[in-house]
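Remember, predicted model here, so these are calculated numbers, not experimental data.
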Amino acid sequence: MNRNKNEYNSEIEIISETLSDLKTANGVCNFLLELLTKSEIETLSKRWRILNMLVEGKTQREIAQELKVSLCKVTRGAKILKNKKSVIKKYLIKE
């Protein structure tokens with residue numbers, strides 16, 4: 001079955017509402033550990049590390065080499081941090 005972007009967005013909204021109802025970081029952690037596969041957790045963790053390393057000032061090539069990921073994955077993170085409206089940027093960069 002081919003699903004459109006709006007269907008996924010609706011499900012993401014429901015997951016987001018559920019996460020916002022959880023009262024503790026431990027509750028959110030347990031929810032994610034139950035919902036995601038080991039591979040998905042590893043991917044999410046690696047994306048978060050990429051973003052943090054970019055904020056720390058490491059070059060894209062250094063990050064790609066250290067984490068053994070493609071430069072494209074690191075560039076995606078850099079684009080997120082360059083976006084003035086980025087929600088993630090607000091949490092990672094304390095100005």
Asks: Taking atom OG of Ser39 and atom CG of Leu44, what is their separation to the nearest 0.5 Å?
Replies: 11.0 Å
Asks: So how far is it from Ser16 OG to Asn9 CG, rounded to the nearest 0.5 Å?
Replies: 9.5 Å
Asks: If you group Ile, Leu, Val, Met, Phe, Trp and Tyr by side-chain heavy-atom gaps below 4.5 Å, do Leu51 and Leu71 land in one group?
Replies: no
Asks: Is there a side-chain contact between Leu54 and Val74 in this structure, where contact means two heavy atoms from C-beta onward sitting under 4.5 Å apart?
Replies: yes
Asks: Hey, are the side chains of Val87 and Tyr91 touching, using non-hydrogen atoms and a 4.5 Å cut-off?
Replies: yes
Asks: Could you give the distance from CG (Leu81) to CZ (Arg76), rounded to the nearest 0.5 Å?
Replies: 11.0 Å
Asks: Rounded at 0.5 Å granularity, tell me how far CD1 in Ile80 sits from CZ in Arg47.
Replies: 7.5 Å
Asks: Closest heavy-atom contact between Val28 and Leu22?
Replies: CA-CD1, 3.7 Å
Asks: How many angstroms lie between atom CD1 of Ile88 and atom CD1 of Ile93, to the nearest 0.5 angstrom?
Replies: 11.0 Å
Asks: With the side chain counted from C-beta on, respond yes when Leu67 and Lys73 share a heavy-atom pair under 4.5 Å apart, and no when they do not.
Replies: no
Asks: Give a yes or no on this: more than 12 heavy atoms of other residues, nucleotides or ligands lie within 6.0 Å of atom CD of Gln65.
Replies: no
Asks: State yes or no: do Leu19 and Leu33 share one hydrophobic cluster built from I, L, V, M, F, W and Y residues joined by side-chain heavy-atom distances below 4.5 Å, directly or via other members?
Replies: yes
Asks: Quick check for you: to the nearest 0.5 Å, what is the distance between Arg49 atom CZ and Glu66 atom CD?
Replies: 6.0 Å
